[in-house]
Every structure is written in structure tokens, then in C-alpha cells.
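Chain letters run A, B, ... following the sequence lines, proteins first, then strands; residues in each count from 1.
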Amino acid sequence: MWMASRLDLDLDLDLDVFIGPFDLLLSIVLREEISLLEVELGEIVARYVEKLEEEGELELEVATEFLVLIAALLELKSRLMLPGAEEDLTEMEPAEAVEELVARMLEYRRYRDAGRALKDHFESQRGFLYRSAPLPPELRRVEVETAEQVYEPDQLAAALGDLLEPPPRPDLSHLRATVSLRRRLSVLRSVLLNRHTFDFDDEFGSEDRMTQAVTIFALLDLYKKGEAVWEQAEACGPITVRRVQAGQEHLANTA
Amino acid sequence: MSDEGVKKPVLEEVPPLQDAESALGGLARKVESLLFLSNQPVTEMSLAEACEVELDEIERAVAELEEDLAPGRRGLVIRRVGGGLILASDPESETAARRLLSRPRTPPLTQAQAETLAIVAYLQPVARPEIARIRGVSSESAVNSLSERGLIEEAGRSRFGAAIYRTSPLFEKVFGLDGLEALPDPSRFDPTPDDEREIRERLLAAGEQRSEA
Amino acid sequence: MSDEGVKKPVLEEVPPLQDAESALGGLARKVESLLFLSNQPVTEMSLAEACEVELDEIERAVAELEEDLAPGRRGLVIRRVGGGLILASDPESETAARRLLSRPRTPPLTQAQAETLAIVAYLQPVARPEIARIRGVSSESAVNSLSERGLIEEAGRSRFGAAIYRTSPLFEKVFGLDGLEALPDPSRFDPTPDDEREIRERLLAAGEQRSEA
């Protein structure tokens with residue numbers, strides 16, 4: 001609505017230093033060296049409110065209320081000049097709005113000044129440091145002679161009851177197996193293609209349990225199809241896997 | 001087991017000195033011990049109960065101790081804070097203390113925090129929207145950081161579900177206030193009639209000018 | 001205009017006393033402050049670094065402070081512990097301190113503490129690893145705080161060197177129990193188990209599942 005350039009000419013304002021619209025308005029209004037007649041008050045404030053909103057610091061309700069007051073202020077004269085021209089639907093007369101704005105600015109200013117005072121006071125008190133040492137151990141516990149009942153024994157029984165309850169089985173439905181049988185089959189076949197025989201642990205011992213299990217499963221499949229045989233001399237001993245030549249099936253792990 | 005050796009005081013070996021113009025009386029000594037051990041303000045009533053003496057005896061002992069710990073005499077001072085007594089180190093040693101304990105200085109209050117704290121301190125209990133209304137700006141981050149620093153705390157919910165705040169005991173401690181009554185009189189911050197007139201006139205002038213544009 | 005009066009801490013209004021046979025020198029004051037703030041013994045070297053003075057100056061200040069805090073003179077004494085200096089309260093005030101400070105040492109039990117205490121109470125004597133197995137998590141901090149509060153105590157070591165715990169007489173007192181037989185029957189909270197062995201087995205089985213989960 002108004003030229004931004006004029007605003008820059010009139011006063012050099014760093015909007016970032018103001019911490020709220022009342023803060024901004026107060027400092028503009030009370031600046032001795034500038035005449036408010038020269039300043040695009042409405043635009044400055046509107047721009048500032050916009051900036052706050054961009055930064056997520058303005059609550060819509062607070063902003064609306066504030067802008068209504070400013071708008072009413074800026075309408076003041078025209079309303080005075082055109083008495084009874086149109087009955088506005090807003091409940092508040094501009095003169096009334098200005099009064100409220102003044103009251104709000106004064107209220108704000110009271111807490112701004114109180115805040116400054118608190119801030120200074122805080123500075124003057126920061127040098128006092130308090131001890132934060134824990135109590136010596138002998139003072140940390142209640143003495144048996146003076147102790148009184150403060151806890152309910154049922155609390156213990158309840159806690160133990162909770163512990164007796166086995167926890168629910170974790171829901172694994174969202175997990176999908178990441179080891180595929182097909183893939184393990186092709187791994188086994190390619191190993192057997194290069195070597196006639198191999199030791200299972202040498203080859204797959206460093207894989208995780210799941211991968212090893214699926215590989216065993218794949219091995220069973222190869223055995224069933226007659227592509228490989230395997231033997232294990234003793235429980236938990238090494239497993240030797242051998243490629244089956246034609247006509248040599250089912251020598252199997254009976255060895 | 002860790003504190004044997006600490007437990008056995010040198011005391012028993014050395015006969016107590018009796019000269020003692022400069023020594024404290026027995027009850028004042030006890031009060032000093034108790035304040036040393038406690039890191040919260042202690043009321044005179046609790047001291048009296050702990051020492052099993054009458055309140056006026058404690059008051060005399062506290063007066064003796066206060067005189068003895070008057071500023072500039074020792075490394076400790078006694079302060080009345082939050083309705084009780086507490087020992088603090090003399091501010092003179094702050095820099096050395098921070099070096100020794102490698103504790104950074106607490107950050108100063110920002111202006112937004114200071115304004116918000118003033119509103120809470122003077123109007124408590126006060127709801128968050130009221131703080132925003134007075135400041136003209138959402139005060140969420142100031143409220144949160146004051147809360148985080150433990151200077152204000154939630155004191156329930158308003159009928160409309162907004163959080164209500166009040167200052168905490170820590171506030172009184174770090175501001176060295178002996179209760180909220182010790183806050184500076186808020187009328188000190190009231191605008192003078194001249195201020196008020198000036199603001200009103202300048203605003204009206206701006207309004208008139210604007211509408212002529 | 002806004003902050004007159006507030007700025008002035010009470011302190012500054014009282015002129016520092018200069019009489020001061022009984023007052024400490026500046027460096028001794030600083031040392032007293034530092035010892036007050038530190039809850040560990042502080043070496044003279046660290047004091048010298050913090051105050052940015054030479055070691056021999058600190059030694060003189062410490063000697064001054066030691067004389068001033070000689071037993072029987074004040075509520076505090078200075079002690080040499082573990083290669084450093086530390087302030088301690090005069091043992092004379094221990095009874096009063098206990099009356100003042102030990103009362104609120106019965107805060108509500110956390111869930112972890114309640115579970116741990118229940119295990120010790122019902123299965124005692126019980127070794128620490130067993131507690132962890134039943135709860136399915138390491139229970140070190142719960143065991144430590146229960147033991148610090150005096151509700152459980154060590155009753156020896158297992159064959160494998162683990163600490164074995166049982167409840168203390170204080171435990172019975174604060175739970176208002178007339179002996180351990182008065183512990184409530186846990187079957188109220190779980191219908192089946194009847195003998196201790198069974199409870200133990202079920203607890204362990206459930207605990208193992210918990211720790212796998």
C-alpha cells in the first residue's frame with residue numbers, strides 16, 4: 001500500500017532487534033527525532049507482524065487483535081472527517097481502539113521495564129554460588145529407630161506379580177525375511193561349481209545365524225534334488241559338502 | 001567403606017580452643033553446620049526443631065552467624081532466600097570457582113525471557129495465552145527455555161486447557177529473593193501520566209496524518 | 001529509570017567490615033569459597049591454579065584458614081583427605097543434622113526399585129546377577145540406590161564372587177512388616193505358584209524372555 005523506499009528513508013529500522021510488535025511500536029512512537037507524521041507507521045508494523053508470522057512466533061489470534069487496533073488507529077481521522085458516513089460492523093470505534101492500543105502499550109511497557117530490572121538483578125546475583133554437594137552417606141539414610149512405615153507391602157507383591165508374567169511375544173509380523181532360499185541355492189551351486197568339496201564352516205561360518213540356517217535348508221534341497229551330499233562325523237562337528245557326480249547319488253550322510 | 005577416615009574427625013585429637021572472641025558460640029556453630037550440609041534454604045523453625053531449642057535462641061544464633069559472615073569477612077555469606085537461610089560463596093570468588101569447577105557461567109536472560117519472567121513473577125499464576133497477549137507475540141520459546149532452566153514451572157491448566165505458570169523455588173534462589181514479596185514494587189514500572197499522554201498524542205497524530213494520506 | 005532499587009543487592013548496602021582481626025584475608029576467603037563449593041577434596045595445586053597465584057601463597061592462605069577453622073571454633077572444619085582439602089561439618093552437629101536432613105529420605109519407590117526390592121524380599125538371599133536375570137535388565141542402579149537407602153544389604157558373596165543381598169531391618173520398619181513372614185502372599189497377583197522354588201523358576205523363565213525381547 002505504501003512505498004517501502006520511503007520507509008527506509010525515514011528511519012533505519014532493524015526489525016530483527018525487536019522482540020514483539022509492542023516493542024517495535026513503542027520504540028517508534030517514543031523516538032524523539034522522528035515525526036510520526038513522516039513515518040509509515042502502519043506499514044512498518046504490518047511488515048513486522050508478517051516477519052514474526054514467518055518465523056512462527058506470532059499466534060494468529062494475537063496478531064489479529066493487534067492489527068485490528070492498528071488499522072483502527074489509521075482509520076481514525078477519516079472516520080472523524082466523515083461523521084456517520086457508514087456504520088461499520090466492527091464493534092470498536094477507532095477512538096476507542098486507540099485508547100485500547102495505548103493501554104496495551106503501557107501494559108507491555110510495564111513488563112518490559114520489570115523484565116529489564118529482573119535481568120539486571122539476575123546479573124547482580126549471578127556471583128553467589130550455592131553448594132550442591134550430596135549429603136554425607138551417614139546422613140543419607142533413615143535410622144532404624146526413628147523410621148516409620150511409609151510404604152505399602154502390597155506394592156512388593158504387585159511388583160513380583162508383574163515379574164511372574166511372561167512378557168508378550170514380540171510381534172514380528174512387520175519383519176520380512178531378508179535371506180532368500182533361492183539366493184542361497186544359487187550361492188551353494190556356484191561354490192560347488194568351482195570346487196568339488198568344501199567345509200561348511202569354512203565357507204559360511206562367518207554368516208549370521210539366519211543366513212546359516214537358510215543355507216542348511218538350501219543344502220537339504222540340493223540333497224533332495226541329488227545335486228550334493230554332505231557328511232558330519234559327529235554332532236556339532238564339521239560338515240563336509242560334496243558335489244554329486246552322475247550315478248553317484250545317495251551316498252548321503254550315513255558314512 | 002569409602003568414608004572411613006573422613007568420619008574420624010581431627011577434632012578429637014586437638015583440644016577445642018577456648019580463647020575465642022572470634023569463635024562462634026555453640027548454637028551458632030551448629031547452625032553453620034546445618035546450613036553447610038543443606039543445599040536448600042532452611043527456615044529458622046526447622047533449625048530450632050533440629051537443634052531442639054526455642055525459636056528465639058535460634059534467632060540469636062542466626063544473628064551471631066550473620067554478623068560473623070557479613071560481606072567481606074569470609075569466603076561464605078549467609079542469605080535469606082525463599083523464606084529460609086542458605087549459605088553461598090562470596091561473589092568475589094566466582095571467577096576462581098568457575099575455573100576450579102570448570103563450570104561455564106550461566107547465560108544471561110534474553111530480553112524475551114526477562115519480559116516473560118516478569119509477567120509470570122508479577123501476575124502468577126498466569127496462563128500462557130495471557131503472556132502472549134501482553135507481549136503481543138507468541139512466547140512459547142521464552143516460556144520453554146525458562147521452564148528448562150527451572151525458573152518457572154507449570155501450576156496446572158486453565159479452564160481452557162492452557163498451561164498455567166508460576167515461578168519456582170529456584171527462581172527465588174538465583175534471584176536472591178526472600179519470597180515473592182521481595183520482588184521490586186511493580187508500581188515502580190507504572191508509566192507516569194506524562195508518558196501516557198505522550199504515547200497517546202503521538203499515536204493520535206500518526207493516525208490523523210495517515211488518514212489524510 | 002526502570003531498575004533503580006532492584007539493582008542494589010542488600011549486600012552492597014552493608015559496608016564491608018574492616019576491623020577484622022577475625023576476618024579472613026582475601027585469598028583465604030577465596031580458598032574457603034572454593035572448598036565450600038567443591039564436594040571433592042581439592043589439592044593446593046588446583047587451588048593455586050584456580051586463584052592464579054603461586055603455590056606458596058595458597059599454602060599461607062590455607063594455613064590461615066586452618067587456624068581459623070580449628071576444631072571447636074566454627075561449624076565447619078577443614079580436613080586433609082585423599083591428598084586434598086575439604087570442608088566438613090563439625091561432627092558435634094551430627095545429631096541435629098540427622099534430625100533436619102534425614103527425614104525426607106523415603107521418596108516413593110520407582111518401578112525398578114520396587115521390582116528389585118520385591119525380588120530380594122521374596123527370594124532372599126539372592127545374588128545380583130539373578131536379580132538382573134529375573135528383571136531382564138541390569139539392575140545395578142536400583143540395587144545401589146536401595147542399598148544406599150539402607151533397604152537392602154549385602155549378605156556375603158556367591159561362589160562366583162557376586163554380591164548376595166537380603167532385606168534390612170529398616171526394610172521391615174518402613175514397610176510396617178512384623179518379620180518377613182508378614183510379606184503379602186504374591187499369589188494374590190498371580191494365581192498359581194505356591195512354593196518358593198516354583199516362583200523362582202517362573203521368575204527366571206519370564207526374565208529370560210524379557211531379556212531376549
Side-chain angles (χ1 to χ4, degrees), chain B residues 5-7 9-18 20-24 26 28-38 42 46-47 49-52 65 68 70-77 79-80 87-101 176 183-185 188-189, chain C residues 1-6 9-12 14-18 20-24 26 28-38 42 46-47 49-52 65 68 70-82 86-101:
Chain B
V6 183
K7 220 164 188 173
V10 190
L11 261 201
E12 291 161 19
E13 293 144 27
V14 186
L17 302 185
Q18 297 301 339
E21 249 174 284
S22 61
L24 288 174
R29 289 214 299 274
K30 225 175 247 184
V31 169
E32 191 179 43
S33 285
L34 295 181
L35 295 182
F36 171 78
L37 289 169
S38 172
V42 188
S46 316
L47 291 171
E49 279 164 15
C51 297
E52 297 186 319
L65 190 61
D68 193 72
R73 286 177 56 91
R74 308 194 59 88
L76 310 181
V77 294
R79 320 200 67 205
R80 288 180 185 265
L87 289 181
S89 66
D90 188 305
E92 258 185 69
S93 9
E94 190 199 347
T95 317
R98 293 193 190 281
R99 268 196 295 264
L100 178 70
L101 306 170
L183 278 170
D185 184 350
R188 161 141 21 109
F189 309 110
Chain C
M1 87 168 232
S2 58
D3 34 40
E4 291 147 34
V6 184
V10 187
L11 262 197
E12 288 167 20
V14 185
L17 301 185
Q18 298 299 341
E21 250 174 280
S22 60
L24 290 173
R29 290 212 300 272
K30 226 176 245 184
V31 169
E32 191 180 42
S33 286
L34 296 181
L35 296 180
F36 168 77
L37 291 172
S38 170
V42 188
S46 317
L47 290 171
E49 279 163 15
C51 298
E52 297 185 320
L65 190 61
D68 193 71
R73 288 177 54 92
R74 308 195 55 88
L76 310 180
V77 293
I78 189 167
R79 335 195 50 201
R80 286 179 186 268
V81 168
I86 190 165
L87 284 184
S89 61
D90 186 326
E92 252 185 84
S93 9
E94 186 175 334
T95 318
R98 208 175 274 289
R99 275 193 292 263
L100 179 69
L101 300 166

Measure Leu35(C) against the heavy atoms of chain B and call it side chain, backbone, both or neither at under 4.5 Å. neither

Report the residues that fulfil side-chain contact (heavy atoms from CB on, under 4.5 Å) with Ser89(C), sequence neighbours left out, ordered by chain and then residue number. Ser33(B), Phe36(B), Leu37(B)

Tell me, side chain or backbone of Ala28(B) under 4.5 Å from chain C's heavy atoms, or both, or neither? neither

Can you see which heavy atom on Lys30(C) is nearest to which on Ser93(B), and at what distance? CG-CB, 3.6 Å

Partner residues of Glu92(B) under the salt bridge (Lys or Arg N to Asp or Glu O under 4.0 Å) criterion, sequence neighbours left out: Arg29(C)

Okay, Val31(C) and chain B: the region with an atom under 4.5 Å from a heavy atom over there is neither

Looking at Arg74(B) and Glu32(C), does any basic side-chain N land under 4.0 Å from a carboxylate oxygen? yes

Leu100(B) and Ala50(C) have their tightest heavy-atom pair at CB-CB, 3.7 Å

If you tally heavy-atom pairs under 4.5 Å against chain B, which of Leu65(C), Thr95(C), Leu34(C), Val42(C) wins? Leu34(C)

Ranking Ser38(C), Gly75(C), Gly26(C), Gly82(C) by heavy-atom pairs under 4.5 Å to chain B gives rank one to Gly75(C)

Nearest 0.5 Å, what's the CG-CG distance between Leu87(B) and Leu76(C)? 7.5 Å

